[in-house]
Enquirer: 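Here you go, one structure.
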Amino acid sequence: MQPFNYDPGPLGAEEVDFKVACCGICHSDLSMIDNEWGMLAYPLVPGHEVVGQVVVLGPRAKGLLSGQVDLGWTAGSCMHCRSCLGGDHHLCGTAVPTIVGRHSGFAHRVRSHWAWAVPLPDNVRPEIAGPLLCGGITVFNPLLEFEVLATSRIGVMGIGGLGHMALRFANAWGCEVTAFTPSPDKFEEAKRLGAHQVVSTNNSQDIAAL
Ligand SMILES: [Zn+2]
Ligand SMILES: [Zn+2]
């Protein structure tokens with residue numbers, strides 16, 4: 001790892017540049033650094049849990065872009081295909097992953113399409129917000145996608161980087177939350193994070209009882 005300078009070129013009409021305040025690190029950054037997916041061209045500037053402030057707006061950039069913004073896995077999409085027009089921009093066939101083929105968040109500045117610079121309330125601390133933008137949205141989305149209700153019972157399998165946020169979301173959603181983990185040392189923490197009960201994935205009797 002070493003410092004790297006680059007010129008991002010002229011700003012596109014619908015693009016924004018933002019000044020990075022903080023950037024979380026995700027396992028996908030490590031996968032890219034190690035070229036596990038075979039789509040890396042060095043040099044790589046990783047980082048796709050970016051929090052900062054918009055400093056330059058392209059002339060056709062839209063949205064509420066003053067104040068704190070964030071950028072997650074995707075930095076751009078076409079805005080005119082069926083997926084984009086249907087609100088599923090992340091499924092756009094030409095969506096641009098923030099850390100693939102472009103330089104991203106572990107930098108002074110990062111660039112994205114305006115639609116992917118998402119406003120983040122100013123009272124959310126930038127140094128802790130990063131994980132919400134990748135692991136966080138991954139476990140929040142199913143609550144909406146599957147129309148989970150406050151009366152639902154939710155099981156969270158695996159209490160790690162994603163699972164610990166799933167416990168907090170599901171608890172705040174009003175659900176009865178069960179954490180599943182093979183690690184007894186995570187039981188108390190899982191309860192503190194919002195699990196109403198914790199079941200060992202190594203205990204088939206307890207699972208059968210549920
Ligand atoms: Zn990630
Ligand atoms: Zn599209």
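Order of listing sets the numbers, starting from 1, for every ligand and every atom in it.
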Enquirer: Start with the C-alpha distance between Phe106 and Asp29, add both sets of side-chain angles, then the distance that settles side-chain contact (heavy atoms from CB on, under 4.5 Å), and finish with yes or no.
Expert: CA-CA 10 Å; Phe106 289 111; Asp29 294 311; 4.2 Å; yes

Enquirer: Between Phe18 and Trp114, is the ring centroid distance below 6.0 Å?
Expert: no

Enquirer: Evaluate whether atom CE of Met39 has more than 12 neighbouring non-hydrogen atoms of other residues, nucleotides or ligands under 6.0 angstrom away.
Expert: yes

Enquirer: For His113 and Glu14, does a side-chain donor sit closer than 3.5 Å to a side-chain acceptor?
Expert: yes

Enquirer: Is a donor on one side and an acceptor on the other found under 3.5 Å between the side chain of Arg111 and the backbone of Pro8?
Expert: yes

Enquirer: For the Zn ion (ligand 2), how many protein N, O or S atoms lie at less than 2.8 Å?
Expert: 4

Enquirer: Do other residues, nucleotides or ligands put more than 12 heavy atoms under 6.0 Å from the CZ atom of Arg168?
Expert: no

Enquirer: Protein N, O or S atoms less than 2.8 Å from the Zn ion (ligand 1), ignoring waters?
Expert: Cys26 SG, His48 NE2, Cys134 SG

Enquirer: Stepwise, does the side-chain contact (heavy atoms from CB on, under 4.5 Å) test hold for Val198 with Thr181?
Expert: CA-CA 8 Å; Val198 185; Thr181 173; 3.9 Å; yes

Enquirer: Any sub-3.5 Å donor-acceptor pair from Asn203's side-chain atoms to Gln205's backbone N or O?
Expert: yes

Enquirer: Is atom NZ of Lys19 surrounded by more than 12 heavy atoms (other residues, nucleotides or ligands) closer than 6.0 Å?
Expert: no

